[in-house]
Amino acid sequence: SDPKGLTSKINSRFKDDEATQFRRCIRYLKRWRDHKFSNGGAPISIALTVAAYHWFQPYQDLSGKFVDLVALKNLVNDMLAKFSWAMCEGTLAYRLSVTLPVTPNSNLMEKMTNTQMDTFKERLTALRDALVAAEKDDLPEDACARLQKQFGNEFPIPEKSDTAKAVK
């Protein structure tokens, strides 16, 4: 009931390069959702944005370079850590609650069924596992090929010759 207030909170959460990384990671999550939930049952877009609002932390390496892979992995880990037992549909279920930071402060995930929530958690875990594995890959093209399975065919895989130039 307060879209302007919500937009203001989200837009003011971070500044400058941290805000840019925040927006990129939200876009990655939404792209992942669109790819992995093409048959329905996905969390709503605003729920992913608000989850990032609550739990995203910018990440820079020691040289000061913003590393989206690590920032996204940490966000997904934090989201998974926030799952807890709650009553839903008359049963106790393992669920993620994402509270709207403006009035009416509702849970943006409450309309997901227990089955949809289970599927969401399984796919979120698979995303986290792919991000962890990609972080360990020696070659950027191997990491990108792994992540393409999570984000879809539009996720670019660099040519080996391009990454070899970047490493030198």
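Values below: every heavy atom of this structure, side chains too, minus hydrogens, waters and symmetry copies.
- Within the 4.5 Å cutoff, side-chain heavy atoms of E135 are placed close to those of K73.
- Looking at D16, its side chain never comes within 3.5 Å of a backbone N or O of E18 through a donor-acceptor pair.
- The hydrophobic cluster containing L139 does not contain V70, counting ILVMFWY residues as joined when their side-chain heavy atoms lie under 4.5 angstrom apart, directly or transitively.
- Under the 4.5 Å side-chain heavy-atom criterion for grouping Ile, Leu, Val, Met, Phe, Trp and Tyr, I26 is connected to L69 within one hydrophobic cluster.
- Looking at L92 and M87, their side chains come closer than 4.5 Å, going by heavy atoms from C-beta outward.
- Between F14 and F22, the angle of the ring planes lies from 30° to 60°, which puts this pair in the tilted group.
- Listed here is the closest heavy atom pair of R31 and G152: NH2-CA, 4.0 Å.
- Clustering ILVMFWY residues whenever any of their side-chain heavy atoms sit less than 4.5 angstrom apart, transitively, puts Y28 in a cluster other than the one holding V132.
- Atoms NZ and CG, from K9 and L100 in turn, are 9.5 Å apart once rounded to the nearest 0.5 Å.
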Apply side-chain contact (heavy atoms from CB on, under 4.5 Å) to residues L48 and M79 and explain how you reach the verdict.
CA-CA 10 Å; L48 296 177; M79 289 172 68; 4.2 Å; yes
Please assess L127 against F151 for the test side-chain contact (heavy atoms from CB on, under 4.5 Å), listing each intermediate value before the final yes or no.
CA-CA 9 Å; L127 173 61; F151 297 107; 3.9 Å; yes
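- Inspection of the D68 and Q21 side chains reveals an N or O donor paired with an N or O acceptor under 3.5 Å.
- Between H54 atom NE2 and T99 atom OG1 the span is 5.5 Å, to the nearest 0.5 Å.
- Counting only distance, with no hydrogens or angles, the side chain of Q116 and the backbone of A42 share no donor-acceptor pair below 3.5 Å.
- The minimum heavy-atom distance linking I46 with L108 is given by the pair O-CD1, 4.0 Å.
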Dump the intermediate steps for side-chain contact (heavy atoms from CB on, under 4.5 Å) on E141 and E159, then the final yes or no.
CA-CA 7 Å; E141 56 271 18; E159 294 294 325; over 6 Å; no
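- Distance alone, capped at 3.5 Å, is enough to place a donor-acceptor pair between the T125 side chain and the K121 backbone.
- Minimum heavy-atom separation, W32 to L124: CZ2-N, 3.6 Å.
- Counting heavy atoms from C-beta outward, Q60 and K65 have side chains that stay 4.5 Å or more apart.
- For the pair L6/P101, a side-chain contact is recorded, criterion being any heavy-atom separation below 4.5 Å from C-beta on.
- The CG atom of L80 sits 8.0 Å away from atom CZ of F120, with the distance rounded to the nearest 0.5 Å.
- Annotation: side chain of K149 is not in contact with side chain of F155 (no heavy-atom distance under 4.5 Å).
- Within the model, atoms SG of C25 and CZ of F66 stand 11.0 Å from one another, a figure rounded to the nearest 0.5 Å.
- Residues W55 and S97 come closest through the heavy atom pair CH2-O, 3.6 Å.
- Within the 4.5 Å cutoff, the side chain of P158 has heavy atoms near those of the C144 side chain.
- In plain terms, the two heavy atoms of F37 and R123 that are nearest each other are CD2-NH1, 3.3 Å.
- Cluster membership for M112 and Y94, using ILVMFWY side-chain heavy atoms within less than 4.5 angstrom, is shared.
- A cation-pi arrangement is found for R13 relative to Y53, the charged atom lying closer than 6.0 Å to the ring centre and inside a 45° cone about the ring normal.
- When every heavy atom of R146 is checked against every heavy atom of A130, the shortest pair comes out as CD-O, 3.4 Å.
- A cation-pi contact, defined as under 6.0 Å to the ring centre and within 45° of the axis, is absent between R95 and F83.
- Here the CE-SG distance, from M117 to C88, works out to 7.5 Å after rounding to the nearest 0.5 Å.
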Begin with the C-alpha distance, continue with both residues' side-chain angles, and end with the deciding distance and a verdict on side-chain contact (heavy atoms from CB on, under 4.5 Å) for K30 and T49.
CA-CA 8 Å; K30 290 180 180 183; T49 300; 2.9 Å; yes
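- Within the model, atoms CG of L147 and CG of L131 stand 5.5 Å from one another, a figure rounded to the nearest 0.5 Å.
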